[in-house]
Colleague: 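Before we start, here is the structure in question, set down as structure tokens.
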Protein chains: 2
Amino acid sequence: MPAASKLRIGRPKAAENRLNRALIVETSLALIDREGIESFSVRNVARALDVFPTAVYWHIGDRNTLLSDVVTLVLADLTPTRATARWQDWIRQLLVRYRNIIRQHPNVAPLIGVQLVSNGSLDFRLVESILECLSQAGFKGQDLIDAYNVVMGGMVGFTTQEFASVPADGTEGWKKTMRRAIAAVDAKAYPRVAAHLAAMSNKAFLLRWENGVSAPLDAGFAMFADALVAGIEALAKAKRGRAKRPPGRGS
Amino acid sequence: MPAASKLRIGRPKAAENRLNRALIVETSLALIDREGIESFSVRNVARALDVFPTAVYWHIGDRNTLLSDVVTLVLADLTPTRATARWQDWIRQLLVRYRNIIRQHPNVAPLIGVQLVSNGSLDFRLVESILECLSQAGFKGQDLIDAYNVVMGGMVGFTTQEFASVPADGTEGWKKTMRRAIAAVDAKAYPRVAAHLAAMSNKAFLLRWENGVSAPLDAGFAMFADALVAGIEALAKAKRGRAKRPPGRGS
DNA sequence: ACCTGAACACCGTTCAAGT
DNA sequence: ACCTGAACACCGTTCAAGT
């Protein structure tokens with residue numbers, strides 16, 4: 001029988017508060033926030049709720065579906081409310097909102113984008129809003145779809161990496177190894193890396209042993225958002241200029 | 001004893017061909033390519049090599065380190081050879097090369113970027129080349145580091161999502177559910193989604209049940225690369241114009 | 001409808017031996 | 001140095017019961 005666990009989070013057992021899907025999803029998120037996805041398991045969720053694993057299964061279907069629901073919960077308030085004068089601001093705001101959400105639930109980051117199941121969310125409001133925004137920018141037809149993918153890809157891409165998960169436990173040895181390997185860069189072979197070593201250590205992709213939780217890349221993200229918006233703007237302008245395709249290779 | 005497995009891949013056992021790290025890493029990659037990371041395990045690697053799991057452990061340290069080595073192997077030839085006249089072309093080429101590599105090993109995609117251990121690679125040549133390129137573009141100091149992060153974030157971000165892993169087995173029911181949910185969009189509430197439904201089904205993030213392997217986002221990726229490069233170019237130009245920061249928020 | 005209970009076929013990893 | 005062998009503490013998931 002499931003022992004009266006110290007991990008217990010939700011539900012006062014004896015009450016008439018029965019097990020249900022929402023409770024399971026909330027408990028899962030709480031566990032992931034606290035312990036990370038590496039050590040997340042359906043069995044731990046069951047322990048936290050003081051029921052048998054099979055009771056959880058009755059409600060969730062399977063592990064992937066549960067994780068998909070967690071993602072849906074986390075991203076529930078992603079879509080910005082309408083009404084910014086410039087479409088550029090709306091897109092930038094979307095990226096910022098996404099990052100702020102992930103900052104509150106960094107351990108969820110690895111779930112989004114890398115598994116197709118997380119599409120279970122299917123927030124049509126988000127899709128519609130992005131399309132609306134990009135139509136306003138002047139995109140239509142295939143270009144509109146492409147621009148949509150650019151926005152979504154940019155939104156998730158940078159932040160996912162910034163908050164990439166740190167190895168669970170044996171992390172100490174690995175951190176030391178990383179720090180040393182970085183510090184020991186050959187200044188003759190890689191002069192620019194050596195020159196910027198202090199500014200890049202733990203503040204640049206590949207040269208980190210901590211993630212965005214303890215070492216956020218604020219400035220890098222700001223430039224990423226600026227660049228993406230400026231880039232989309234430039235392409236939109238080029239397309240308006242002539243009714244054709246831009247200098248880049250097309251579909 | 002490890003049965004003479006049908007999964008057997010490498011090493012003719014009786015030969016003097018002993019177990020070693022490189023062989024283990026190659027075998028792991030072959031298994032991941034064939035079966036996906038979802039069903040990857042150290043024990044399967046051992047079976048494929050016809051040894052006990054503990055023999056593998058003697059060489060690799062632990063599972064995460066092994067996966068990090070797999071990533072290193074896959075990305076070995078990522079960095080483009082020097083010598084493109086325009087820095088813009090070099091950056092675009094880098095993104096294209098990254099995507100081509102992932103197309104050859106799509107199941108590895110989820111490993112890159114989402115786990116900090118994969119930084120074990122530490123290819124200074126890549127870092128140095130990007131810095132060189134962006135210096136040529138006119139970035140310096142903190143801006144140079146930020147621009148570096150923009151490039152790395154963009155390189156990995158889009159493609160990782162395009163090749164997000166599809167659920168392993170029970171995939172049939174999930175696919176049907178997705179297809180129906182998408183097809184059943186409310187045209188009054190989401191007119192633009194409804195209008196572009198055919199063009200977006202399986203060709204736009206969130207509205208997919210297949211990944212880049214069977215439904216590549218070629219045009220979307222092309223625009224993403226164009227937008228990112230154009231955006232970086234615009235920021236560089238703005239910075240050259242005045243010795244200050246661009247309109248976007250800085251730090 | 002909702003949960004218990006037992007069971008199956010797996011994991012990663014450690015530790016003690018063998019050669 | 002390199003591998004076998006056994007063991008530990010876990011997994012996700014299914015299936016048969018109970019209420």
Side-chain angles (χ1 to χ4, degrees), chain A residues 1-5 7 10-11 13-24 27-28 31-32 35-70 111 115 117 167-171 173-174, chain B residues 1-5 7 10-11 13-24 27-28 31-32 35-70 115 117 167-174:
Chain A
M1 61 241 68
S5 160
L7 275 173
R11 209 170 74 117
K13 173 67 182 250
E16 50 191 36
N17 201 347
R18 295 252 289 320
L19 199 56
N20 63 66
R21 193 164 178 133
L23 184 60
I24 292 173
T27 305
S28 299
L31 281 175
I32 291 172
E35 320 266 3
I37 20 133
E38 201 112 325
S39 61
F40 172 82
S41 74
V42 178
R43 291 178 111 107
N44 276 340
V45 175
R47 258 188 292 272
L49 290 167
D50 210 18
V51 296
F52 281 76
T54 39
V56 173
Y57 267 86
W58 196 90
H59 291 274
I60 63 159
D62 69 353
R63 184 191 141 103
N64 275 337
T65 308
L66 172 55
L67 289 178
S68 165
D69 285 355
V70 169
L111 291 178
Q115 284 203 131
V117 238
D169 30 274
T171 185
W174 171 79
Chain B
M1 61 242 75
S5 161
L7 274 174
R11 208 171 71 120
K13 172 67 181 252
E16 50 190 35
N17 200 347
R18 295 253 288 321
L19 200 56
N20 62 66
R21 194 165 177 133
L23 183 59
I24 293 173
T27 305
S28 299
L31 281 175
I32 291 171
E35 320 267 4
I37 20 133
E38 201 113 324
S39 61
F40 172 82
S41 73
V42 178
R43 291 179 111 107
N44 277 340
V45 175
R47 259 188 291 272
L49 290 167
D50 210 18
V51 296
F52 281 77
T54 38
V56 173
Y57 267 87
W58 195 89
H59 291 274
I60 62 160
D62 69 353
R63 184 192 141 102
N64 275 337
T65 308
L66 172 56
L67 289 178
S68 165
D69 285 355
V70 169
Q115 284 203 132
V117 237
D169 30 276
T171 185
E172 281 319 314
W174 172 78

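Sequence lines set the chain letters: A, B, ... in the order given, protein chains first and strands last, and positions in each chain run from 1. Since the model is a prediction, treat every value here as computed from it, not as a measurement.
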Colleague: Considering heavy-atom distances to DNA chain C, does B/P53 or A/A55 have its closest nucleotide positioned more toward the 5' end?
Modeller: A/A55
Colleague: Starting at CG of A/N44, measure out to CG of A/L49 and round the result to the nearest 0.5 Å.
Modeller: 11.0 Å
Colleague: So which nucleotide from D/dA1, C/dG12, D/dT4 ends up closest to the side chain of B/F52?
Modeller: D/dT4
Colleague: With rounding to the nearest 0.5 Å, note down the distance linking CZ in B/R43 to CZ in B/F52.
Modeller: 10.5 Å
Colleague: Any donor and acceptor pair, going by atom type alone, linking the side chain of B/T27 with main-chain N or O of B/L23 inside 3.5 Å?
Modeller: yes
Colleague: May I ask you to verify if any side-chain N or O of B/R21 is less than 4.0 angstrom from the OP1 or OP2 atom of D/dA1?
Modeller: no
Colleague: Assign B/R43 to base, sugar-phosphate, or nothing according to its heavy-atom contacts below 4.0 angstrom with the strands shown.
Modeller: base
Colleague: Extract all donor-acceptor atom pairs below 3.5 Å that involve side chains of residues 55-62 of chain A and protein atoms in other chains or at least two apart in sequence.
Modeller:
| from | atom 1 | to | atom 2 | distance (Å) |
| --- | --- | --- | --- | --- |
| A/D62 | OD1 | A/T65 | N | 3.1 |
| A/D62 | OD1 | A/T65 | OG1 | 2.6 |

Colleague: Once side chain to side chain contact (heavy atoms under 4.5 Å, CB included) is applied, do any residues pair with A/F40, and if so which ones, sequence neighbours excluded?
Modeller: A/S28, A/I32, A/V45, A/R63, A/L66, A/L67
Colleague: A/E38 CD to C/dT13 C1': how many Å, rounded?
Modeller: 14 Å
Colleague: Please report the distance, rounded to the nearest Å, between CZ in B/F40 and P in C/dC11.
Modeller: 11 Å
Colleague: Let's see if you can work this out: which of C/dG12, C/dT4, D/dC2 has an atom nearest to the side-chain heavy atoms of B/Y57?
Modeller: C/dG12
Colleague: Without decimals, in angstroms, what is the distance between A/L49 CG and C/dT4 P?
Modeller: 11 Å
Colleague: When you measure from the side-chain N and O atoms of B/H59 to the phosphate of D/dA1, is any distance below 4.0 Å, counting only OP1 and OP2?
Modeller: no
Colleague: Which whole-number value in Å describes the distance from B/L19 CG to D/dC2 P?
Modeller: 10 Å
Colleague: Taking OP1 and OP2 of C/dC11, is either one under 4.0 Å from a side-chain nitrogen or oxygen of B/N44?
Modeller: yes
Colleague: For B/I60 and D/dC2, give me the distance from atom CD1 to atom P, rounded to whole Å.
Modeller: 15 Å
Colleague: In whole Å, what is the span from the CG atom of A/D62 to the C1' atom of D/dT13?
Modeller: 9 Å
Colleague: Determine the stems involving DNA chain C; a stem requires 3 or more consecutive pairs of the Watson-Crick or G-U wobble kind, each with both distances below 3.5 Å, and the answer is none if no such run exists.
Modeller: C:4-8 with D:12-16, C:12-16 with D:4-8
Colleague: Could you work out, with side chain to side chain donor-acceptor pair (under 3.5 Å) as the rule, every residue matching A/R21, not counting sequence neighbours?
Modeller: A/D69
Colleague: Mind calculating the distance between CZ (A/R18) and C1' (D/dT19) to the nearest angstrom?
Modeller: 12 Å
Colleague: Using nucleotides 15-18 of chain C, report all nitrogen or oxygen pairs with the protein that are shorter than 3.5 Å.
Modeller:
none

Colleague: Please give, in whole Å, the distance from D/dC11 C1' to A/L67 CG?
Modeller: 14 Å
